[in-house]
Amino acid sequence: MQSLDAIAAQGNNVLCTLFYGKWPNFFILWNDEPKNPEDMATFFRKHPLLFNFICWIIYAQFVYIYNLPKISYVDYSHILFLCLLYSIIFYSNFFLLKFIESRKINIGIAILLVISTFFILAALGYVCIYGILPLFGAKLYYEDVPFKLSLYLRNILSPYIKYASYAIIVYFILKWFANLAYKRRMEKAHYEMEREKFEYEQAFLRAQVNPHFLHNSLNFIYTEALSLSKSLAESIYLLSMMMRYSLDNAVKGKQLVPVHKELEYLEIYLEINRRRFGKGKNIVFEFEGDRYLHSIPPLSFITLVENAFKYGDLSVPLYPLQIKIVVNRDKIYFYSSNKKRISKTLDTSGSHIGLKNVERRLRGAFKDKARLRRTEDNEIYTVELFIDFSADTNKLP
């Protein structure tokens with residue numbers, strides 16, 4: 001035998017499930033049922049038809065309760081049919097407002113559309129009230145009163161004005177909320193941009209001391225290494241140039257550098273890795289076009305190639321690191337392809353951060369004209385960068 005406390009606890013669980021947990025399955029049959037007020041708001045935004053249907057059902061219930069004491073016999077089905085007609089008036093005027101605003105129609109044509117909508121709905125109402133609804137046993141008119149067009153128009157004018165006014169009020173309330181939400185999104189985006197800018201500036205300030213010290217130390221080591229090994233000294237000099245390029249662009253915050261400057265240091269970066277790995281890395285580099293035509297965000301090409309060295313397997317001659325860059329008057333095209341390194345412990349999260357950073361800087365410099373595309377299969381990883389300077393950005397591959 002269960003105790004009274006256990007039975008009460010089970011009863012409370014049932015009530016919580018009904019009223020505070022999932023919605024009853026006989027009412028909503030979707031998998032994303034709301035479980036709290038925040039989820040409920042999101043749910044109804046995803047299912048606006050359901051939300052509008054529930055609102056009209058609730059409104060019909062209020063109309064029925066309001067009219068019940070006034071009329072000795074109120075048929076609930078008649079109330080539903082009337083609310084159906086009212087909803088047609090409401091939505092017709094609501095979407096008419098959207099159409100007028102989106103097309104920027106002048107006031108004269110707008111008034112003509114409103115009047116035309118009234119007469120069209122009046123004709124549809126006549127067909128429904130005197131033709132369709134009586135077939136279902138719903139008569140919303142007095143049988144002993146003869147039909148008069150003027151009387152009919154006067155009778156429907158009042159509810160038409162009422163529900164058209166509701167549509168106007170709801171339309172402008174929703175528009176006000178949409179504008180408010182847009183302003184909040186813009187303020188949040190501006191705040192995030194300022195915060196990121198501040199963090200980058202602080203990071204640059206913190207990073208100035210060590211890179212400067214390292215760069216000056218490399219210059220000193222270079223002069224000392226000249227007497228020992230010319231090859232060693234050249235490698236140190238190349239590394240020093242790369243450090244200077246990275247440091248200058250980080251500290252000065254340059255938005256764009258000439259393509260020929262980026263290519264110059266990309267070639268230095270490739271030469272450093274050739275000296276570092278010797279024949280252990282297979283690299284194929286190809287350039288076409290005019291390197292003096294355009295500018296790009298600094299370290300863009302170098303970051304894309306650096307990911308291949310970090311996370312790619314370049315030791316197989318059949319699968320070298322293939323780099324192709326094309327620059328002409330209408331576009332900049334970058335292509336990089338490498339064999340993926342097979343390792344269960346390989347962490348590629350850093351590559352996503354670097355690529356996202358490049359993508360953000362490209363978007364800031366070129367907006368929709370720049371597109372970074374990454375593709376991969378079981379063996380090959382490919383990165384392509386398209387910057388289209390032509391007028392039609394839809395031609396991007």
Side-chain angles (χ1 to χ4, degrees), residues 23 28 30-56 58 90-91 93-105 110 165-205 250 253-256 296-300 303-304 349-374 383-397:
W23 287 55
I28 296 176
W30 282 272
N31 293 326
D32 52 348
E33 297 170 1
K35 303 172 182 61
N36 55 56
E38 291 78 11
D39 290 344
M40 189 183 301
T42 303
F43 176 83
F44 281 129
R45 280 196 297 269
K46 292 171 62 177
H47 304 286
L49 293 178
L50 176 64
F51 176 75
N52 283 265
F53 176 77
I54 293 175
C55 288
W56 281 104
I58 295 173
F90 176 87
Y91 291 114
N93 285 273
F94 182 85
F95 289 108
L96 179 61
L97 280 174
K98 294 190 68 174
F99 176 78
I100 291 174
E101 185 178 31
S102 63
R103 299 299 178 90
K104 298 180 179 180
I105 298 173
S165 301
Y166 289 165
I168 294 172
I169 294 171
V170 171
Y171 177 80
F172 283 104
I173 289 176
L174 293 178
K175 184 178 179 181
W176 181 79
F177 276 112
N179 291 335
L180 184 63
Y182 176 77
K183 289 180 181 179
R184 288 182 177 177
R185 288 197 302 270
M186 292 298 101
E187 291 175 357
K188 184 178 180 181
H190 179 72
Y191 170 78
E192 291 294 331
M193 183 175 64
E194 291 295 327
R195 184 180 62 81
E196 289 183 4
K197 181 180 178 182
F198 175 78
E199 291 178 354
Y200 285 139
E201 290 175 351
Q202 294 299 312
F204 289 153
L205 290 174
K254 292 182 179 179
Q255 298 295 324
L256 297 173
I296 61 169
L299 302 172
S300 296
T303 302
L304 298 178
S349 59
S351 66
H352 295 299
I353 295 174
L355 292 175
K356 288 180 180 178
N357 184 32
V358 171
E359 192 170 17
R360 184 170 61 249
R361 291 191 294 130
L362 289 167
R363 192 183 303 114
F366 304 109
K367 301 187 184 306
D368 294 336
K369 293 184 178 181
R371 182 177 302 173
L372 189 64
R373 184 168 66 188
R374 303 184 292 271
V383 177
E384 293 179 280
L385 168 62
F386 307 89
I387 305 176
D388 191 346
F389 296 98
S390 61
D392 187 8
T393 58
N394 292 327
K395 293 182 180 179
L396 284 171

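All figures in this text were calculated on a predicted structure; none of them were measured in a lab.
Listed by first and then second residue, the salt bridge (Lys or Arg N to Asp or Glu O under 4.0 Å) pairs involving residues 178-194 are E192-R195 (not counting sequence neighbours).
Once rounded to the nearest 0.5 Å, the distance linking CG of L385 with CZ of F366 reads 8.5 Å. Once rounded to the nearest 0.5 Å, the distance linking CG of L256 with CD1 of I296 reads 8.5 Å. Once rounded to the nearest 0.5 Å, the distance linking NZ of K369 with CD1 of I387 reads 11.0 Å. Here L355 contributes atom CG and R374 contributes atom CZ; the two are 5.0 Å apart, rounded to the nearest 0.5 Å. Put simply, CD on E384 and CG on L304 are 11.5 Å apart, with the number rounded to the nearest 0.5 Å.
More than 12 heavy-atom neighbours from other residues, nucleotides or ligands sit within 6.0 angstrom of CZ on F94.
Residues K175 and E101 are paired through a salt bridge, judged by an N-O separation under 4.0 Å between the basic side chain and the carboxylate.
For F95, the side chain to side chain contact (heavy atoms under 4.5 Å, CB included) partners two or more places apart in sequence, or in a different chain, are Y91, K98. For R363, there are no side-chain hydrogen bond (donor to acceptor under 3.5 Å, both in side chains) partners at least two apart in sequence or on another chain. Judged as a side chain to side chain contact (heavy atoms under 4.5 Å, CB included), and not counting sequence neighbours, the contacts of I58 are I54, F62. Every side chain to side chain contact (heavy atoms under 4.5 Å, CB included) that L97 has, sequence neighbours left out, goes to I168, Y171. Applying the side chain to side chain contact (heavy atoms under 4.5 Å, CB included) criterion to I105, with sequence neighbours excluded, gives F99, I100, R103, I109, L113. Listed by chain and residue number, nothing satisfies the ring-ring contact (aromatic ring centres under 6.0 Å, His included) test with F53 (two or more places apart in sequence, or in another chain).
The closest side-chain heavy-atom distance from L362 to P297 is below 4.5 Å. The side-chain heavy atoms of W56 and F90, taken from C-beta on, include a pair separated by under 4.5 Å. In this structure, the side chains of V383 and R373 stay at 4.5 Å or more apart for every pair of heavy atoms. Two residues are said to be in side-chain contact when any heavy atoms from C-beta on lie closer than 4.5 Å; R360 and E196 meet this criterion.
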